[in-house]
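Input: a single structure, listed below in structure tokens.
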Amino acid sequence: MNFIEELRWRGMIHDIMPGTEEYLLNEMGTAYVGIDPTADSLHIGHLVGVMMLKHFQRCGHKPLALVGGATGMIGDPSGRSQERNLMDEKVLRHNQECIKNQLRKFLDFDSDSPYKAEMVNNYDWMKDYTFLNFIRDIGKHITINYMMAKDSVKKRIEGEVGLGLSFTEFTYQLVQGYDFLYLYQTKNCCLQMGGSDQWGNITTGTELIRRIEGGEAFALTCPLITKADGGKFGKTESGNVWLDPEKTSPYQFYQFWLNTSDVDAEKYIKIFTLFSRDEVEEMISRHSEAPHLRLLQKELARDLTIRVHSESDFNLAVEASEILFGKGTTETLKSLDEKTLLSVFEGVPTCQISLSELESEIPILEFLADKTNIFSSRGEARRMIKDGGVLINKEKANDQMMINTGYLLNKRYVLVQKGKKNYFLVIAG
RNA sequence: GGGGAGAUACCAGAGCGGUCAAAUGGGGCAGACUGUAAAUCUGUUGGCGAAGCCUUCGGAGGUUCGAAUCCUUCUCUCCCCA
């Protein structure tokens, strides 16, 4: 399989340095993608880089995942209007470990194959590199003029914001460039990939390799993932979509993908799944024949939920979705046994309420606002009830209702729905 | 250092003595339509309530029957000249 061709039809190439394709056609290549360990889990935004590595490996090349322990301490000024807070080493180490475990799900790190993936951490080679040595060995070879010409730097110097950037941030590209040089020297790594915002940083690396080693190295970037409606990709009302099931439950994860728009689904299925070109084209044409079946969204959600979590997590998510969004009625809700009910609502926000209060009835507004904080004020709850946006156990609420033990499912739970997609499980105890 | 402009709800931005809980647009949320899509349309967007009341227009004082609106002062932002 030709890696470049593969990425090309998937719409994953934004910029590519001339010669890259030839390099990969002639030999088993080695490439890396950098990941900043800013949290103890990857989120789906990181998945793009991971998928690039995955395809790379599938095409018979050797992928390196670089965890940016050192660069993470500095903070990349690219696309950032303000300097980032520095992270301390202990937190970074912890984050690196967690990320490493997540990457195992995507890349083969363990086989004996020549193209098994490796994980490296730039902290390992940067931590003992003294400032003096660094500026002498590396800084010597790159001019300030070159560094200042980068967009990320220019924007911060001349931009309307005009905040300037610290020396630390300015140095970032040099540190990242050195990573590339180091991997070139020690692992024969000739290609760095990343998001389109990384182009400038990557080319500093290829430049260093040219000047210091007289070697040739390549760059490949992938377009920024966008949403058709202009919103940021990978965000929900509750923030990032994480791979860590503790942060984003498999159900929420599944729902995120299921909810993508038609336009985006076509794009995403190419980027985030491993379906072949024929399979994807087949799915797209079937989808356009019967769009209401949402085949693309379902395939996308299924594939990712299984790969990131597991088959059984996927099944539970589907089951939960069917109960929540399907023909589910109060009757089906009532018929669920406690175990099923809890597994369906795994990952749905819960709140506690005391059973004794319920025994003496609570006005619904008080129940929704004061007791459970599902709404931040009674007025808001009242308004939404008036709009018909509040459902108790799948039945429309009115603002005179009294909530009592009669509403309890399995003698313990009340299902509150705020709008079509937001569920809350109130637990009496 | 000199001169000028400004600070209004999530954001942008009207209001410039009472009719202002504050126009309008965007965003958010909800409803209808659909396919848990997009587009569109409608409603809603300070708090507590039945009316009504309470707290908001950078901070602190003051004038007035009455202030987002006038005065004083403080803080911060922007622009122009040196």
Side-chain angles (χ1 to χ4, degrees), chain A residues 81-82 158-164 225-239 241 248-269 272 283-302 304-305 314 316-329 332-333 344-345 347-349 362-371 373-392 394-401 415-424:
Chain A
S81 52
Q82 255 187 322
E158 325 170 331
E160 321 86 69
V161 203
L163 279 169
I225 309 298
T226 54
K227 286 205 302 183
D229 65 8
K232 262 205 176 129
F233 168 75
K235 297 270 183 188
T236 63
E237 314 79 56
S238 41
V241 179
T248 300
S249 71
Y251 164 75
Q252 291 165 323
F253 185 85
Y254 172 79
Q255 281 288 324
F256 171 82
W257 295 104
L258 195 66
N259 271 304
T260 51
S261 69
D262 290 8
V263 185
D264 291 333
E266 263 186 45
K267 213 163 52 185
Y268 297 169
I269 202 151
F272 296 105
M283 279 184 234
I284 291 177
S285 83
R286 269 169 58 205
H287 181 268
S288 60
E289 276 164 30
H292 60 283
L293 296 179
R294 293 187 299 142
L295 177 83
L296 281 177
Q297 285 89 337
K298 283 179 184 161
E299 289 293 340
L300 185 65
R302 185 178 74 92
L304 278 150
T305 308
F314 162 73
L316 275 177
V318 171
E319 199 180 321
S321 302
E322 262 159 24
I323 291 169
L324 263 30
F325 293 99
K327 306 256 177 311
T329 59
T332 46
L333 262 185
V344 164
F345 293 106
V348 166
I362 307 173
I364 187 159
L365 293 177
E366 209 173 303
F367 175 78
L368 292 173
D370 305 69
K371 303 294 181 198
N373 280 322
I374 291 172
F375 288 88
S376 55
S377 74
R378 293 184 197 184
E380 199 190 329
R382 185 182 298 113
R383 275 194 299 272
M384 208 177 279
I385 288 176
K386 203 168 105 250
D387 287 342
V390 178
L391 288 83
I392 303 287
K394 290 238 140 208
E395 275 175 357
K396 283 221 160 120
N398 75 339
D399 60 3
Q400 297 306 313
M401 275 166 83
L415 179 68
V416 178
Q417 208 172 331
K418 174 178 165 184
K420 221 172 285 183
K421 296 179 192 171
N422 305 301
Y423 290 87
F424 299 86

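Base pairing of B/G58: its partner is B/C74, meeting the Watson-Crick or G-U wobble criterion (both donor-acceptor distances under 3.5 Å). In a base pair of the Watson-Crick type (N1 to N3 plus N6-O4 or O6-N4) or a G-U wobble (N1-O2 and O6-N3), with each distance short of 3.5 Å, B/C53 is matched with B/G47. The base-pairing partner of B/A12, taking Watson-Crick or G-U wobble contacts with both distances under 3.5 Å, is B/U24. A 3.5 Å limit on both hydrogen-bonding distances identifies no Watson-Crick or G-U partner for B/U64. B/G35 is unpaired under the criterion used here, namely a Watson-Crick or G-U wobble arrangement in which both key atom distances are under 3.5 Å.
Residue order along RNA chain B, read from the 5' end via each residue's closest nucleotide, puts A/Leu293 first among A/Leu365 and A/Leu293. In terms of position on RNA chain B, the residue among A/His287 and A/Arg378 whose nearest nucleotide sits closer to the 5' end is A/His287.
When atom types are taken as modelled, the side chain of A/Glu366 and the backbone of A/Pro363 share no donor-acceptor pair closer than 3.5 angstrom.
Remark: the separation of the P atoms in B/U64 and B/U72 is 16 Å, to the nearest Å. Between the C1' atoms of B/U44 and B/C10, the separation comes to 15 Å (whole Å). Spacing of C1' atoms, B/A14 relative to B/A22, comes out at 10 Å, to the nearest Å. Straight-line distance between the C1' atoms of B/C78 and B/U55: roughly 31 Å, to the nearest whole Å. B/G47 sits 11 Å from B/U56 when the C1' atoms are compared, rounded to a whole Å.
Residue pairs meeting the salt bridge (Lys or Arg N to Asp or Glu O under 4.0 Å) criterion with at least one member in residues 291-302 of chain A, sequence neighbours excluded, are A/Glu299-A/Arg302.
Looking at residues two or more places apart in sequence or on another chain, you find a side chain to side chain donor-acceptor pair (under 3.5 Å) between A/Arg378 and A/Asp370.
Cation-pi geometry between A/Lys418 and A/Phe375 is met: under 6.0 angstrom from the ring centre, within 45 degrees of the axis.
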Q: Mark up nucleotides 36-42 of chain B, 5' to 3', with B wherever a protein heavy atom is under 4.0 angstrom from a base atom, S wherever such an atom reaches only the sugar-phosphate, and - elsewhere.
A: BB-----
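Remark: A/Ser377 is in phosphate contact with B/C48, judged by side-chain N or O atoms under 4.0 Å from OP1 or OP2.
The structure places CD of A/Glu322 at 11.5 Å from OG1 of A/Thr332, a figure rounded to the nearest 0.5 Å.
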(Q) Before you tell me yes or no, could you show the steps for A/Ile385 and A/Leu368 under side-chain contact (heavy atoms from CB on, under 4.5 Å), namely the whole-Å CA-CA distance, both residues' side-chain angles and the distance that decides it to 0.1 Å? (A) CA-CA 10 Å; A/Ile385 288 176; A/Leu368 292 173; 3.9 Å; yes
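A distance of 6.0 Å or more separates the ring centres of A/Tyr254 and A/Phe325.
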